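Notes for the one structure printed next.
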There are 2 protein chains.
Amino acid sequence: MQEKKKIPKSVASRLSLYLREISRLEDEGGDKVSSVELGELTGLTDAQVRKDLSYFGQFGTSGSGYEILKLKNILRDLLGKDNIWHIVLIGAGNIGSALLRYPGFKNQGFIIKEAFDIDQKKIGKCYGEVTVKDVRQINDIEKDRSIKIAIITVPVDSAQDVAEEVTRYGIICILNFSPVILKVDEGVTVRNIDLSNELENFSFILTSAKG
Amino acid sequence: MQEKKKIPKSVASRLSLYLREISRLEDEGGDKVSSVELGELTGLTDAQVRKDLSYFGQFGTSGSGYEILKLKNILRDLLGKDNIWHIVLIGAGNIGSALLRYPGFKNQGFIIKEAFDIDQKKIGKCYGEVTVKDVRQINDIEKDRSIKIAIITVPVDSAQDVAEEVTRYGIICILNFSPVILKVDEGVTVRNIDLSNELENFSFILTSAKG
DNA sequence: AGAGATTTGTGATTTTTTTCACGAAGTAGG
DNA sequence: CCTACTTCGTGAAAAAAATCACAAATCTCT
């Protein structure tokens, strides 16, 4: 049975989690895994695991569980893990430069190909394997149509401008660390990572718990 | 008209966003704001804005909108913004040290009070205003009962251990950057920031779009 | 091969979240 | 004060997500 139905957003956002735990099991020499076990590893219920996995075919075996290798391959396939994705990063400040140095991306098939900043002090610096260029040269990325993903780590005032610029040059996925809602064209996906937001959520929890 | 009903999770996660945009409007000298306008700023529909705000009282004015100052104060109150929250950070690697240097937290009332690492090369170093201590001294935080929030930026293998340790010493909110699901006691809240996860989500989108 | 245990796959149900749509309240201008 | 216009607040409806619960498939053990 092929892709039976369209995979819901909620399920899609968990694929990565499943793959991570499945890969871990494989590394440990595992062979099969049950929905209960996978649920424990991912913090989900067994029913949810089964329902999620059922969206992309039926390949579990009653009585024994899911074959790890098979499941891994399906997840890798869905997530396009055989591709290598090229990324442009704009803003080589604290967070930006940390991401440039972060080795975890490369292992996962994500390569930061270009980095830009507006600050003369940062331009020319090399983090990890990338040299920071002047943001005025950002249209360089237009030549390299393999770059579809941008990471934006610029101050809040320039984030919208940067988003508009990179989408003009072929970017269709943006990981935005700037605390602002980016307005982008249809067809462009934005995911926000807002650290203050996360902390304020704690603040809310801590505050309401006290009351 | 007090807290009418319990605020749903989905709404709680947006409070921070509302406050941010409201504060921005206030800085620009705004006075009133309509649900339509606030919807545009937050990327939500006007209906959702009204519904959300209705969870914590009715203070809009038909025909003219919401009073910015009033709304701001309510949101600040809900989010406990008059408090200052103390944080402990464990793992002063790429991301960890970037967070230590990041000035944005302090402005928002979040202060990283202590930082720990296991690596002798990092211990003793000072980032921002915090000096990294030896993780073996982590029980120091038990003395300072004002620290309720931990940021975990350690490698995946040690994350669970660290989580267990800090919760033993009074932490009840954990911001986890490590790509692993932390098992914590009831009453402890974990929020995960998983960068590879976010990128893989893009990978999924890009892959399925191609098909 | 048969009995009992395990585990999947999935309709049905429940819960949560979002959207709709409209009455009521308020504004503005003459 | 009246008319036309805006905008809120919210029940009701719809959509999305999670949970339940159980028949059917498979496994294990003797």
Side-chain angles (χ1 to χ4, degrees), chain A residues 1-18 21-22 25 30-72 74-75 78 181 201 204, chain B residues 1-18 21-22 25 30-72 74-75 78 181 201 204:
Chain A
M1 310 305 106
Q2 296 294 86
E3 254 89 303
K4 324 175 48 177
K5 317 158 195 169
K6 206 182 134 297
I7 296 178
K9 282 230 176 66
S10 55
V11 179
S13 72
R14 285 189 290 265
L15 294 179
S16 189
L17 179 59
Y18 288 130
E21 296 306 325
I22 284 290
L25 285 172
D31 179 30
K32 297 261 185 121
V33 63
S34 72
S35 54
V36 173
E37 208 178 334
L38 195 46
E40 271 160 17
L41 290 169
T42 53
L44 305 167
T45 65
D46 56 324
Q48 177 141 58
V49 170
R50 290 198 299 280
K51 189 112 204 177
D52 282 358
L53 300 193
S54 81
Y55 278 101
F56 34 96
Q58 41 192 99
F59 42 85
T61 313
S62 299
S64 76
Y66 301 90
E67 212 179 298
I68 286 177
L69 189 59
K70 203 166 178 182
L71 186 47
K72 188 192 79 170
I74 290 171
L75 289 167
L78 282 167
I181 301 297
N201 218 291
F204 174 69
Chain B
M1 316 281 96
Q2 293 296 85
E3 253 89 303
K4 323 174 51 176
K5 315 156 197 170
K6 205 181 137 295
I7 296 177
K9 282 227 174 68
S10 54
V11 179
S13 72
R14 285 189 291 266
L15 293 178
S16 189
L17 179 60
Y18 287 131
E21 295 307 326
I22 284 290
L25 286 171
D31 180 30
K32 298 261 185 122
V33 63
S34 72
S35 54
V36 173
E37 208 178 333
L38 195 46
E40 273 159 16
L41 290 169
T42 53
L44 305 167
T45 65
D46 56 326
Q48 179 144 59
V49 171
R50 289 199 299 280
K51 188 106 198 177
D52 282 358
L53 300 192
S54 81
Y55 278 102
F56 33 96
Q58 40 192 97
F59 42 84
T61 312
S62 299
S64 77
Y66 300 90
E67 213 179 298
I68 286 178
L69 190 59
K70 204 166 177 180
L71 186 46
K72 188 193 76 168
I74 290 171
L75 289 166
L78 281 168
I181 301 296
N201 219 291
F204 173 69

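Quick note on labels: first sequence line is chain A, next is B, and so on, each numbered from 1. Values below: every heavy atom of this structure, side chains too, minus hydrogens, waters and symmetry copies. This one's a predicted model, so the numbers in the text were calculated from it and none came from an experiment.
Using five terminal pairs a side, the axes of the helix from C:dA1-D:dT30 to C:dG30-D:dC1 at its two ends make an angle of 30°, given in steps of 10 degrees.
Regarding A:D46, its CG atom lies at a distance of 9 Å from the P atom of D:dC20, rounded to whole Å. In this structure, A:L53 places its CG atom 14 Å from P of D:dA18, rounding to the nearest Å. The interatomic distance linking B:I68 (CD1) with D:dC8 (P) rounds to 12 Å, in whole Å. Per the geometry, CZ belonging to B:F59 stands 16 Å off C1' belonging to C:dA25, to the nearest Å.
Inter-residue side-chain proximity for A:I181 and B:L17 is flagged as met; some heavy-atom pair is nearer than 4.5 Å.
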Applying side-chain contact (heavy atoms from CB on, under 4.5 Å), run through A:S13 and B:N201 and close with a yes or a no. CA-CA 6 Å; A:S13 72; B:N201 219 291; 3.9 Å; yes
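The stretch residues 30-38 of chain A has no heavy atom under 4.0 angstrom from DNA chain D at all.
Within the model, atoms NZ of A:K51 and OG of A:S35 stand 13.5 Å from one another, a figure rounded to the nearest 0.5 Å. With rounding to the nearest 0.5 Å, the separation of CG in A:L75 from CG in A:L78 is 6.5 Å.
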When every nucleotide of nucleotides 14-21 of chain C is labelled 5' to 3' by its protein contacts under 4.0 Å (heavy atoms), B for base, S for sugar-phosphate only, - for none, what sequence of letters results? ---SSBBB
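Scanning for side chain to side chain contact (heavy atoms under 4.5 Å, CB included) contacts around A:K72 gives A:L19, A:I22, A:S23, A:E26, A:L69, A:R76, with sequence neighbours left out. A:E21 pairs by the salt bridge (Lys or Arg N to Asp or Glu O under 4.0 Å) definition with A:R24, not counting sequence neighbours. By the side chain to side chain contact (heavy atoms under 4.5 Å, CB included) test, A:S10 is found to be paired with A:P8, A:R14, residues two or more places apart in sequence or in another chain being considered. In terms of the side chain to side chain contact (heavy atoms under 4.5 Å, CB included) criterion, residue partners of A:K32 (sequence neighbours excluded) are, by chain and number, A:T61, A:S64, A:E67. By the side-chain hydrogen bond (donor to acceptor under 3.5 Å, both in side chains) test, B:Y66 pairs with no residue at all, sequence neighbours left out.
The side chain of B:S62 lies closest to D:dC8, out of D:dC8, C:dG9, C:dT27.
Close to C:dA25, at under 4.0 Å from its OP1 or OP2, lies no side-chain N or O of B:Q58.
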Please report, to 0.1 Å, the donor-acceptor pairs under 3.5 Å made by any side chain of residues 41-49 of chain B, with sequence neighbours excluded.
unit_1 : atom_1 : unit_2 : atom_2 : d
B:T42  : OG1    : B:L38  : O      : 2.7
B:T42  : OG1    : B:G39  : O      : 3.3
B:T45  : OG1    : B:Q48  : N      : 3.1
B:D46  : OD2    : B:R50  : NH1    : 3.3

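Shortest non-hydrogen contact noted between A:K6 and A:Y55 is O-CD2, 4.1 Å.
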